[in-house]
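Below is one structure, written out as structure tokens, with a few remarks after it.
Within every chain, numbering begins at 1; the chains are lettered A, B, ... in the order of the sequence lines, protein sequences first and strands thereafter. Since the structure is predicted, the reported quantities are computational estimates derived from the model, not experimental observations.
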Amino acid sequence: GQSLEQPSEVTAVEGAIVQINCTYQTSGFYGLSWYQQHDGGAPTFLSYNALDGLEETGRFSSFLSRSDSYGYLLLQELQMKDSASYFCAVRDQGGFQKLVFGTGTRLLVSP
Amino acid sequence: KAGVTQTPRYLIKTRGQQVTLSCSPISGHRSVSWYQQTPGQGLQFLFEYFSETQRNKGNFPGRFSGRQFSNSRSEMNVSTLELGDSALYLCASSRGGAVVQETQYFGPGTRLLVL
């Protein structure tokens, strides 16, 4: 089966940089995705890595190392609105629409 | 383009009852997936429907079922509700093609409380 581990909580201050790690164990690998979810809100897609390396999208970047079964989400120039839960996810080999999510990391950004 | 919509947003039921939740995907999307989110178990895949057929299924008991209509709208049903069914139920839509990097778009969810 698939399992993904993330730290449960990360705290940081406005303007700082924070890294949220994700380690995974999968039978078959089809890329690592990241989602953001604000309290009471829907998960929204942030990024996807299929190959090793860094993908940059504005203040957010995501990194993947397939040999280490490891990825991270990097958030720069933190803003209060970045306080949310962040989930890594992989696709199940049984179907591309079947996402297996990590345990989630709650990010608290303080002034 | 309108996003994924789910109705109702909130629901309170008692044990033993059944419930039906609805999801309308983004226009043009043919795949609808359902997820259950709880503090203890996180986000877990329930099932996926594509062109009115269940294409994938998670590890949930038979009390959880779903269907999809010809306009891609989907419903999920939970029968004989248990206290542990209290959760946020999310649906996600996508075009449904065999494209690994295809993005799923989530609706706001239905929060179900079972008393």
Side-chain angles (χ1 to χ4, degrees), chain A residues 1-9 20 22 24 26-53 55 57 60 62 64 66 71 84-106, chain B residues 2-6 9-10 23-26 29-51 53-60 66 68 72 74 88-111:
Chain A
Q2 333 270 55
S3 68
L4 299 92
E5 292 294 325
Q6 302 177 235
S8 59
E9 188 172 288
I20 299 174
C22 173
Y24 59 86
T26 63
S27 48
F29 181 73
Y30 303 95
L32 187 70
S33 300
W34 288 91
Y35 283 80
Q36 177 193 60
Q37 185 180 31
H38 286 97
D39 285 347
T44 55
F45 173 79
L46 291 177
S47 68
Y48 171 77
N49 294 69
L51 302 175
D52 292 351
E55 294 279 345
T57 310
F60 294 3
S62 55
L64 175 66
R66 288 176 295 170
S85 292
Y86 293 84
F87 296 88
C88 57
V90 294
R91 279 162 171 79
D92 187 270
Q93 62 180 359
F96 294 149
Q97 278 69 37
K98 182 178 178 180
L99 288 173
V100 178
F101 284 88
T103 49
T105 298
R106 188 169 182 83
Chain B
V4 180
T5 58
Q6 293 186 244
R9 293 293 312 278
Y10 303 92
C23 172
S24 293
I26 291 171
H29 286 189
R30 296 167 63 192
S31 169
V32 175
S33 299
W34 289 89
Y35 293 84
Q36 181 195 65
Q37 186 173 27
T38 61
Q41 299 297 318
L43 274 155
Q44 292 189 293
F45 175 83
L46 281 156
F47 31 64
E48 181 229 353
Y49 285 86
F50 179 79
S51 292
T53 301
Q54 188 181 85
R55 192 162 65 170
N56 271 302
K57 191 176 188 308
N59 297 321
F60 279 81
Q68 186 179 37
S72 294
S74 177
L88 179 67
Y89 290 89
L90 293 156
C91 81
S93 81
S94 66
R95 294 195 183 278
V99 178
V100 172
Q101 66 267 34
E102 190 175 87
T103 299
Q104 288 196 343
Y105 297 89
F106 283 81
T110 294
R111 188 164 296 280

Listed partners of Thr38(B) passing side chain to side chain contact (heavy atoms under 4.5 Å, CB included), at least two apart: Gln36(B), Gln41(B), Ala87(B)
Tyr35(A) vs Leu43(B) side-chain heavy atoms within contact, under 4.5 Å: no
Winner by heavy-atom pair count (cut-off under 4.5 Å) against chain A, out of Arg111(B), Lys57(B), Gln37(B): Gln37(B)
Between CD on residue Gln37(A) and CG on residue Leu88(B), distance to nearest 0.5 Å: 7.0 Å
Phe101(A)-Tyr35(B) aromatic ring centre distance below 6.0 Å: yes
Leading residue by heavy atom contact count with chain B [cutoff under 4.5 Å; candidates Pro43(A), Gly104(A), Gly102(A), Ser85(A)]: Pro43(A)
Closest approach of Leu99(A) to Phe45(B) (non-hydrogen atoms, all atoms of both residues): O-CB, 4.0 Å
Residue list, ring pair (Phe, Tyr, Trp, His ring centres under 6.0 Å) with Tyr105(B), at least two apart or on another chain: His29(B)
Shortest non-hydrogen contact from Phe106(B) toward Ala42(A): O-CB, 3.8 Å
Reported CZ-to-CD distance for the pair Arg91(A) and Gln104(B), which is rounded to 0.5 angstrom: 6.5 Å
Which atoms of Phe50(B) approach chain A - backbone, side chain, both or neither, heavy atom under 4.5 Å: neither
